[in-house]
A.B. asks: 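Next up is a structure, given as structure tokens.
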Amino acid sequence: MALFIKGGRVIDPAQGLDRVADIKIAAGMLVALGDGIDGEFDPATDQLIEATGKLVVPGLIDVHCHLREPGGEDKETVATGTRAAARGGFTAVCAMPNTHPVCDSRPNVDFLLAKAAETGLVRVYPVGAITKGSAGQELTEMDELARSGCVAFSDDGKPVDRAGIMRLALCYAKMTGRIISSHCEDRELAGDGVMHEGYWSTVLGLRGMPAVAEEVAVGRDILLANSVDAPVHIAHVSTAGTVELIRVARSHGIDVTGEVSPHHLGLTDVAVEGFDPVTKVNPPLRTETDRQALKSGLADGTLTILATDHAPHTMEDKQREYAVAPFGIAGLETAWPVYWRELVVPGILPVHDLVAALTCNPARRFGLPGGTLAVGEPADVTVIDPQWEETVGWEHWQSKGRNNPFTGWHLRSWPVVTIVGGQVVMRDRRVIG
Amino acid sequence: MKWQRKDLLGIRGINREEIISILDTAVPMKDVLTREIKKVPTLRGKSVVCLFYEPSTRTRTSFELAAKYMSADTVNISTSSSSVTKGESLIDTGKTIEAMGVDIVVLRHWASGAAHLLSRHVKARVINAGDGAHEHPTQALLDLFTIRERKGRLSGLTVTILGDILYSRVARSNIWGLTAMGAKVRVCGPATLLPPEIAALGVQVFTRVEEALEGADVVNVLRLQLERQQKGLFPSIREYSRLFGLNQERLRLCRSDVLVLHPGPMNRGVEIAGDVANADVAAIEEQVTNGVAVRMAVLYLMMGGSGSGAVH
Amino acid sequence: MNLPEKAQLMDATGLRRAITRIAHEIVEKNHGVDGLVLVGIRRRGVPLAQRLQAKIQAIEGVMLPLGALDITLYRDDLTTLDVQPVIRKTEVPFALAGKKVVLVDDVLYTGRTVRAAMDALMDMGRPKAIQLAVLIDRGHRELPIRADFVGKNVPTARKENVSVRLMELDGDDSVSIQDLTV
């Protein structure tokens with residue numbers, strides 16, 4: 001029995017492919033891609049997905065999300081987080097290590113992988129901590145973590161405060177062949193800030209985190225990476241200054257990449273007016289200037305990766321005073337349509353580049369399998385209906401986290417089918433399994 | 001002018017007519033305070049809870065008396081004497097209070113936006129009695145009232161707000177109120193205590209007190225929170241006082257009929273010299289009296305029928 | 001469009017005569033003007049009280065103390081109104097204790113305004129007595145209140161409106177009645 005995806009516009013940037021074609025999937029593998037292969041279709045045994053007018057793309061990959069398990073199961077679990085991913089069109093997610101305990105040793109990685117095998121609906125790639133307990137003092141056993149399955153290292157949720165430790169980490173991680181994804185924040189500069197420092201923090205009387213708190217750290221990590229000739233990936237780029245730093249660094253041949261979240265493209269600090277903690281996120285929602293700079297950075301290739309920074313929280317956690325509510329936005333399920341709205345609709349990125357930023361670019365940078373529709377590869381495929389319209393709401397919502405600031409937004413272009421290893425895990429916006 | 005809002009969360013977003021209606025209503029309220037029997041039956045059968053998450057004898061007493069003078073029943077809840085200390089959330093506390101039939105909650109809270117949070121979750125009317133560094137609307141209204149009473153107008157006056165603007169809810173509410181009423185507002189303080197983009201609120205920004213006071217009709221001196229110095233935002237109390245303290249010599253830079261305000265409590269000899277605070281140009285005790293009148297006016301206006309629409 | 005039917009009950013002359021008569025009655029009933037003060041209820045009771053003051057001065061040669069009372073804070077219907085009525089100043093610049101207060105209003109109807117006014121007076125002191133003077137008594141009392149001095153008794157229906165116009169506030173002197181349902 002085989003699965004046919006018929007008549008869709010197949011976009012696979014990894015192969016430079018963008019044309020109408022059929023796809024055949026059998027035994028979990030992508031076995032054929034071409035014209036008229038649906039002639040092999042046997043209605044008695046085979047399954048057909050009609051994709052005319054839709055986009056057929058490699059399964060989306062999110063290199064930055066928080067599944068919260070173990071320790072934060074009230075906010076999210078591997079099961080619910082991967083279901084949210086499937087509904088968002090993602091076939092693979094990288095789970096950040098800031099769980100309880102922190103994913104900083106082999107047993108923790110084994111636990112996550114076992115959980116993923118048992119309850120995960122999409123592929124889960126662990127990200128290991130840079131420092132033990134993410135305390136910023138001692139390096140983790142990065143080699144063992146890499147051998148156990150960690151695809152990258154990060155202390156995400158907080159920065160590595162000490163430049164010396166970060167330099168050692170970049171140097172050592174390079175030896176393991178894994179990249180460091182850096183949460184860039186100078187915590188002394190960020191202080192007790194809860195939103196972007198600017199006009200709105202002044203109006204609202206909320207403590208501000210200045211853009212320079214991010215940029216100082218980005219500058220530092222670029223220089224550190226350069227000094228040990230190691231690659232570095234900048235997580236959740238949010239300011240115009242960061243974009244410029246990465247642009248300049250890349251023009252000097254420094255191996256730095258950056259990722260952008262949906263919320264930093266879709267929202268600015270104006271959204272904080274009204275004090276709804278659902279808008280509280282770190283790095284914070286920035287200004288319109290920053291938002292436009294992120295778009296320019298994506299348009300000119302300075303920024304090549306899109307990642308959700310999906311950070312679910314319970315309503316109890318979020319319905320608190322703005323100053324004490326936790327940072328984070330649960331964005332897996334709304335990422336694609338927000339990216340579409342912000343990048344494709346205004347003509348900032350061609351669809352091809354949007355797909356690349358969510359498939360082959362992150363796959364290559366993080367050394368992940370997938371990210372392509374090459375024949376012979378495991379069949380991770382996402383079908384997008386660019387005409388599908390939906391209002392963001394809680395019907396069929398999968399994440400435990402409802403901290404999503406796009407609630408109530410009417411968005412167009414949604415993933416309608418998600419296939420992981422040949423298994424259909426989402427169809428017509430409903431998660432299956 | 002109609003007052004038709006559910007809550008009073010801030011001065012930002014309130015228009016000139018609404019401010020005038022509050023100030024005008026406060027005039028007869030102030031008369032009630034001068035009577036032998038300081039009580040009118042206006043809010044009989046209504047209940048007002050003062051929910052204070054931050055110590056403030058002055059504001060709490062002012063609200064409590066305002067409510068009592070209008071015959072409302074009042075209850076005070078402060079952090080040290082309720083389930084607040086047991087970790088109950090603001091929303092749960094608010095809902096519990098509401099379930100007991102409370103009509104108005106007067107909220108003082110250390111977190112900016114706390115009044116907004118509460119108003120979203122309870123049907124009772126919410127009056128913001130100061131939230132973090134965000135707003136303190138009734139303080140601004142009593143300042144406006146005091147200025148108007150002394151000067152006969154607000155429009156066209158030059159008002160200098162002096163001190164820690166960064167952390168001051170009094171400064172923010174005053175800026176919105178004064179600019180709405182057509183006053184020219186200057187802010188002055190150490191560069192490290194001026195919030196970013198403050199000029200975008202429609203004020204002139206100064207770091208030299210002499211320039212800020214030149215020709216001022218009113219000086220509103222803010223209280224310096226002494227812990228700011230411990231956080232390193234300025235080098236020493238001594239230098240602050242030397243650079244920004246309002247003394248007789250600096251007062252002479254203002255107009256001769258200058259009016260000096262201070263929201264209290266004062267650090268005499270730090271942000272304001274003792275002889276300035278005691279001088280006729282200062283209306284610091286009048287502000288306290290006017291505070292009760294203005295809060296009576298607010299309670300009165302907010303008790304009418306089915307108001308709708310919060311000020312956010 | 002039909003204009004509501006409007007019938008004049010009093011013209012300027014009638015109004016002046018009514019004031020004159022009430023002034024005489026006040027003096028007569030109180031055996032002079034000793035300890036007498038006038039308090040008008042805002043808004044139209046105040047100019048009426050001023051006229052009574054002038055008239056009594058003409059009769060007795062004594063200028064009675066005159067106050068103005070705003071009863072808004074004492075109304076019993078505040079919490080049912082959608083918008084709070086504007087509060088005006090109460091100006092009673094003399095002590096009420098031991099005084100005979102003549103409360104003055106334009107129209108006596110349900111009696112609720114007078115009830116509120118009496119409460120307000122009591123809160124300002126302890127008068128020896130309160131008397132009530134009104135230009136028009138239109139009936140339909142809801143409280144056990146009656147006027148001591150009445151310019152004119154006018155039987156009305158509840159659907160009718162009695163409109164008093166005074167020179168000081170409205171530009172002319174007249175009293176008319178109109179049917180609100182027409």
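Heavy atoms only: backbone and side chains are in, while hydrogens, waters and symmetry mates are out. Residue numbering restarts at 1 for every chain, and letters A, B, ... go by the order of the sequence lines.
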A.B. asks: Which atoms of A:Val324 are under 4.5 Å from chain B, going by heavy atoms: the side chain, the backbone, both sets, or neither?
C.D. replies: side chain
A.B. asks: Distance from B:Leu117 atom CG to A:Glu321 atom CD, nearest 0.5 Å?
C.D. replies: 6.0 Å
A.B. asks: Distance check, rounded to the nearest 0.5 Å: A:Gln319 atom CD versus B:Ser89 atom OG?
C.D. replies: 8.5 Å
A.B. asks: Side chain, backbone, both or neither: which part of B:Leu166 has a non-hydrogen atom closer than 4.5 Å to chain A?
C.D. replies: side chain
A.B. asks: Can you check whether A:Glu273 reaches B:His116 side chain to side chain, under 4.5 Å on heavy atoms?
C.D. replies: no
A.B. asks: Would a 4.5 Å heavy-atom cut-off, applied to side chains only, mark B:Arg12 and A:Val203 as touching?
C.D. replies: yes
A.B. asks: Closest heavy-atom contact between A:Asp276 and B:Arg120?
C.D. replies: CA-NH2, 3.9 Å
A.B. asks: Do you know which two heavy atoms are closest between A:Leu204 and B:Ser112, and how far apart they sit?
C.D. replies: O-CB, 3.5 Å
A.B. asks: Mark yes when over 12 heavy atoms from residues, nucleotides or ligands other than A:Glu288 sit less than 6.0 Å from its CD; otherwise mark no.
C.D. replies: yes
A.B. asks: Could you pull out the closest heavy-atom pair between B:Pro196 and A:Glu197, with the gap in Å?
C.D. replies: CG-CG, 3.4 Å
A.B. asks: Quick one: CD on A:Glu316 to CG on B:Asp92, what's the gap to the nearest 0.5 Å?
C.D. replies: 9.0 Å
A.B. asks: Is B:Ile198 close to chain A through its backbone or its side chain, or both, or neither, when contacts mean heavy atoms under 4.5 Å?
C.D. replies: both
A.B. asks: If only atom types and distance count, is the side chain of B:Arg172 paired as donor or acceptor with the main-chain N or O of A:Thr202 below 3.5 Å?
C.D. replies: yes
A.B. asks: Check the angle between the aromatic planes of B:His134 and A:Phe275 and answer parallel, tilted or perpendicular using the 30° and 60° thresholds.
C.D. replies: perpendicular
